[in-house]
Amino acid sequence: MAEAYDPSVIEPKWQTYWEENKTFRAERRPGRPKKYVLDMFPYPSGAGLHVGHPEGYTATDIVCRFERMRGTDVLHPMGWDAFGLPAEQHAIKTGTHPRSTTLKNIDNFRRQLKMLGFSYDWEREVDTTDPRYVRWTQWIFLQLFKKGLAFQQSNMPVNWCPALGTVLANDEVTADGRSEVGGFPVEKLKIRQWSLKITAYADRLLEGLENLDWPETKAKQAHWIGRSEGANVDFEVEGHPGARITVFTTRVDTLPGATYVVLAPEHALALQIATPEHQAEVKRYADEANAKSDVVRSDATRAKTGVPTGAFAVNPINGDKIPVWVADYVIGSYGTGAVMAVPAHDERDHAFAVKYALPIVRVVAKADGTEVDVAKAAYCDDGVANADAVSRSKAPIEQGMPSEKVRRTVTDWLASQGRGSSKITFKLRDWVFSRQRYWGEPIPIYFPVTTDGDPRKPGTKYEIHYDQPIPLEESELPLLLPDLEDFKPGTDPAGPLARALDWRFFEREGKWFARETNTMPQWAGSCWYYLRFVDPTNDEAGWSPEAYDAWMPVDLYVGGSEHAVLHLLYARFWHKVLFDLGVVKHEEPFQKLVHQGLILGEVEHIVFHEATAVPGSRAKREGDRWVDAETGADLTDRRMRSTDLDNRGGAFYLREADVPVLTTPDGEHFAFYAASETLVSAERAKERDDGSFEDAKTKKTLVIRKVTEQDITKRGAHFTLNDSPETQVLSQAFKMSKSRGNVVNPDVLIKSHGADSLRLYEMFMGPLEAVKPWQTSGIEGVRRFLERVWNVSTTNVTGDPADYDVETQKLVHKTIKKVTEDVQALRFNTAISAMMILVKHLGGLPKVPAGAARALSLLVSPFAPHIGEELWQQLGGKTSLAYEPWPAFDPALVKDDVIEIGVQVNGKARASIQIPADADEAAAKAIALEDPKIKDFTAGKTIKKVIFVKGRILNLIVG
RNA sequence: GCCGAAGUGGCGGAACGGUAGACGCAGCGGAUUCAAAAUCCGCCGGGGUAGCCCCCCGUGAGGGUUCGAGUCCCUCCUUCGGUACCA
């Protein structure tokens with residue numbers, strides 16, 4: 001008896017072998033096909049790998065190992081997207097330099113990935129924070145700058161939190177304009193920002209999607225780009241000969257029905273044209289709108305508000321004088337920041353017109369000419385022009401003219417009058433590219449400084465001329481970050497780099513200059529890493545044309561769908577810019593894209609109890625739980641945001657119960673609840689944003705209790721409690737999160753079951769793209785499978801061809817066919833089940849043919865490479881099987897001579913029969929009619945019709 | 001609201017328009033064992049009948065197309081993801 005399967009021995013053995021032999025070094029050999037298979041490289045967080053990483057990485061690894069065995073040259077690299085906020089936050093807390101944190105985390109990630117046996121070419125590892133990498137990120141920025149695609153905007157509104165000394169993203173700001181962390185006031189500050197002109201590529205980014213083999217992500221990007229065709233129309237303003245309001249509309253056919261014009265609060269003309277008696281009101285309204293957070297402003301369910309300017313615009317199509325309003329439902333940054341309002345045919349305009357009693361004029365009828373009642377709701381569909389449209393228009397509209405034609409007619413007429421033109425508008429905005437942070441690529445730009453001395457010395461007066469940006473010479477790259485001691489954001493929105501005075505200011509030929517202190521966003525490094533992988537150590541260029549030709553484009557790109565829009569759109573944008581520069585040769589970088597599905601935690605069964613809030617002062621820590629100091633009862637804690645609490649002179653109270661919470665020294669608030677005996681059925685429980693649950697009716701917090709499968713039974717569509725069959729239980733898999741405590745650690749699983757089992761299980765869970773709940777017992781199932789693979793391949797193996805029976809040969813070849821096809825289609829779960837069937841069969845044989853065992857080790861090796869290699873060696877392989885030819889199947893052996901097909905009578909399955917594979921209809925029918933069951937169903941009836949699909953079905957229609 | 005994906009046993013999931021539930025997990029029964037673990041074998045949608053034959057029902061709901069629908073079409077419901085005063 002051979003030794004037992006022990007992954008802890010064979011896995012390190014083969015990992016060392018691959019490393020020492022550089023088994024997976026990517027090389028191009030003449031005359032071979034190539035495949036560039038790319039994983040989205042990770043941000044090396046301190047938490048290490050989670051089970052989501054190996055999912056996509058195993059999928060690509062299987063493809064790569066399979067392709068190598070089929071003679072393909074494979075590029076399969078890995079690297080680190082290593083700039084980013086967590087390392088910087090860690091630095092602020094601990095004073096550890098982000099570089100050392102980052103390097104430590106990278107080491108940990110690399111160790112974990114190597115333990116999983118991925119066939120990366122580790123000589124191509126890239127790190128976006130490496131100066132040799134940063135150099136070329138900055139080089140690309142300079143190209144963008146020189147093409148005018150990187151530019152500064154001086155008054156980009158940002159969320160500035162003075163208390164935290166930092167700029168916040170929109171989702172870090174609460175609805176009432178405070179910081180999510182700490183609840184400090186947030187101001188809208190207009191600061192100078194770098195932007196990239198991605199909008200210049202909007203059309204090409206949209207068109208480029210067409211021929212890509214991408215999933216629904218294409219639709220998401222198209223939606224994000226948001227192209228709309230319409231027209232700009234100019235309205236003159238009465239009493240302001242120079243002023244002209246340009247509106248963008250997609251429904252220029254409704255122009256005769258425009259009864260007022262609305263400007264965004266930030267529109268430049270708003271204050272200018274407001275009449276004296278309306279000035280103050282317009283100003284107040286604009287200020288209020290500006291103070292509102294974007295979250296509040298974009299809440300479409302909010303009632304519309306607005307104020308009149310007192311001014312009147314002239315509708316160019318009929319000369320009508322219509323009022324000009326200011327309202328925040330019009331967005332300043334989309335279109336022209338002004339709309340013509342046609343309440344009869346636009347929902348928002350309708351709601352606004354009803355509220356402020358503005359006239360509603362109907363100019364579109366249904367296609368058949370019938371008029372729609374627009375008193376209650378707008379009619380927004382296309383239709384035909386009605387009589388009013390004709391009478392109210394100087395343009396040659398005819399009654400009954402379809403909307404599409406009216407649009408062309410009106411646009412042409414406006415153009416001829418010089419009052420409008422057709423226009424295409426995009427939702428896509430330019431990409432704000434600067435961050436007021438330390439741990440990012442410095443922007444390789446500096447500015448002239450006028451000063452009365454050395455601007456590095458305190459008290460020196462100086463002025464930085466941001467309007468005169470100067471790019472660094474390419475030879476001066478990379479521009480590296482200065483070493484800082486203190487990474488805290490300060491009072492200066494220019495960011496922490498502004499404090500590195502020796503770095504920031506420099507003197508050249510008697511003149512002073514100041515470097516840009518903003519850094520690039522984390523997206524920058526990931527915008528081109530796939531290009532660096534083809535030539536990772538090149539110091540003459542980001543990549544050479546030869547290396548590019550050898551490997552690009554990326555043939556398969558696998559990563560999470562959370563990057564469906566931003567990363568994938570930004571990278572495509574840079575690629576197109578590089579294409580225009582002639583340094584890349586394809587318009588699109590990623591040919592085929594697949595998103596692996598999220599892996600959720602194990603399913604939890606949850607029972608809800610009514611709860612009573614307990615004052616924070618009574619909560620006592622006991623081990624890792626909280627108890628009520630008075631009653632000794634277990635308490636459930638809930639972390640609260642200060643904005644959800646009542647602040648009474650510095651003491652925070654729960655709103656729902658008027659009970660004080662516990663506030664920790666670092667400003668976190670915890671509410672506590674004691675469970676009551678009263679159960680609440682799951683259909684009444686509603687999950688809150690913070691993960692806690694409330695009663696949908698009473699809005700009161702519910703306490704949860706986890707139960708096991710033994711405690712519950714499925715009744716109808718739901719699980720209910722055995723002890724209380726009316727109480728529904730919530731059975732749900734939640735997203736893995738530290739706070740929920742349902743995170744599965746790959747290190748632990750590798751230790752207990754081995755990397756091969758983990759890889760195999762993740763592929764066996766279900767389709768790659770699907771969201772799937774984790775099930776630890778499932779990994780034990782695939783572990784058993786690997787044990788069986790091991791046992792059939794190491795025990796009783798016979799080299800005698802006489803023992804290789806035909807049935808086994810057939811099954812081996814069918815399995816080869818199935819696995820080959822499934823791997824090519826990325827259907828790994830069904831490929832594994834096919835191998836399970838083969839192993840089951842081999843296990844039942846008195847002796848296992850060596851040919852079958854060898855085929856099995858080859859087939860299993862892309863999925864579970866360590867056991868594959870080990871068995872291959874034990875079966876006589878002299879070297880790694882990584883380049884062993886993938887087994888071919890014999891078509892003759894895949895076909896069966898006798899097959900089983902179903903027989904239906906009147907479309908209902910009644911029996912199955914064995915027939916020769918090449919049997920024709922008559923033969924099949926004859927055999928079927930001999931079958932006793934079929935005889936029963938056809939007895940005394942005539943066969944009216946026979947449907948026969950060769951190899952599939954026989955259907956007898958009788959009557 | 002809009003766009004997209006998906007609803008199949010106790011659970012994860014299979015199924016070119018052709019015998020629904022492959023494969024695995026959990027469960028049940030048996031073999032092995034002094035015993036247990038491990039392993040191996042068998043059963044495993046619901047109901048009827050009853051042991052092993054067989055019949056009926058069954059892929060979110062309701063219609064439709066078809067000899068035949070989990071699969072195609074229409075309407076609706078639910079879940080998940082994205083997005084949202086975008087004129």
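Order of the sequence lines fixes the chain letters, A, B, ..., with proteins taken first and strands second; residue numbering starts at 1 for each chain.
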Rounded distance in Å - [atom1] ([X]) to [atom2] ([N]):
X      : N     : atom1 : atom2 : value
A:E780 : B:A26 : CD    : C1'   : 11 Å
A:F785 : B:A22 : CZ    : P     : 18 Å
A:H841 : B:C40 : NE2   : P     : 16 Å
A:E762 : B:G12 : CD    : C1'   : 14 Å
A:M765 : B:C23 : CE    : C1'   : 15 Å
A:R910 : B:C55 : CZ    : P     : 6 Å

Roughly how far apart, to the nearest Å, are [N] and [M] at atom [atom1]?
N     : M     : atom1 : value
B:G9  : B:C57 : C1'   : 15 Å
B:G70 : B:C2  : C1'   : 28 Å
B:U78 : B:G62 : C1'   : 15 Å
B:A37 : B:G27 : P     : 12 Å
B:A15 : B:G21 : P     : 13 Å
B:G42 : B:A22 : P     : 14 Å
B:U19 : B:U59 : C1'   : 15 Å
B:G60 : B:A69 : C1'   : 16 Å

message: Judged by each residue's nearest nucleotide on RNA chain B, which is more toward the 5′ side, A:V903 or A:G226?
response: A:V903
- request: Nearest-nucleotide wise, let me know which of A:E709 and A:K933 is further upstream toward the 5' end of RNA chain B.
  value: A:E709
OP1 or OP2 of [N] versus the side-chain N and O atoms of [X]: is any pair under 4.0 Å?
X      : N     : value
A:R784 : B:A26 : yes
A:R783 : B:C25 : no
A:K908 : B:C57 : yes
A:K220 : B:C3  : no
A:Y334 : B:A87 : yes
A:N829 : B:A14 : yes

Across all strands shown, which nucleotide pairs with [N] by Watson-Crick or G-U wobble geometry, both distances under 3.5 Å?
N     : result
B:G9  : none
B:U75 : B:A61
B:G70 : none
B:G17 : none
B:C43 : B:G27
B:U83 : B:G1

Which part of the nucleic acid, if any, lies within reach of [X] when heavy atoms closer than 4.0 Å are counted: base, sugar-phosphate only, or nothing?
X      : result
A:F937 : sugar-phosphate
A:E216 : sugar-phosphate
A:T713 : nothing
A:V771 : sugar-phosphate
A:K714 : sugar-phosphate
A:I957 : sugar-phosphate
A:F426 : nothing
A:G781 : sugar-phosphate
A:R788 : sugar-phosphate
A:E347 : nothing
A:P215 : nothing
A:I837 : sugar-phosphate
A:S912 : base

query: Would A:T246 and A:N232 count as having a side-chain donor-acceptor pair, cut-off 3.5 Å?
result: no
- request: Establish, from distance only, whether the side-chain atoms of A:Y329 and A:D349 form a donor-acceptor pair under 3.5 Å.
  value: yes
By side chain to side chain donor-acceptor pair (under 3.5 Å) - contacts of A:S8 (at least two apart): A:D6
query: For B:G58, is chi within 90° of 0 (syn) or not (anti)?
result: anti
task: Assess whether atom NZ of A:K817 is packed by more than 12 heavy atoms of other residues, nucleotides or ligands within 6.0 Å.
output: no
field: Side chain of A:S833 - closest among B:C57, B:A26, B:A22
entry: B:A22
query: If you look at every heavy atom in A:A924 and A:F948, which pair is closest and at what distance?
result: CB-CE1, 3.4 Å
query: Got a salt bridge between A:R740 and A:E687, using NZ or NE/NH1/NH2 to carboxylate O under 4.0 Å?
result: yes
- request: Check for a donor-acceptor pair, side chain of A:S403 on one end and backbone N or O of A:G383 on the other, with a separation under 3.5 Å.
  value: yes
- request: Please answer whether the main-chain N or O of A:E55 pairs with a side-chain N or O of A:T58 as donor and acceptor at a distance below 3.5 Å.
  value: no
statement: For residues 943-959 of chain A, the side chain to side chain donor-acceptor pair (under 3.5 Å) pairs (sequence neighbours left out) are A:Q904-A:N955
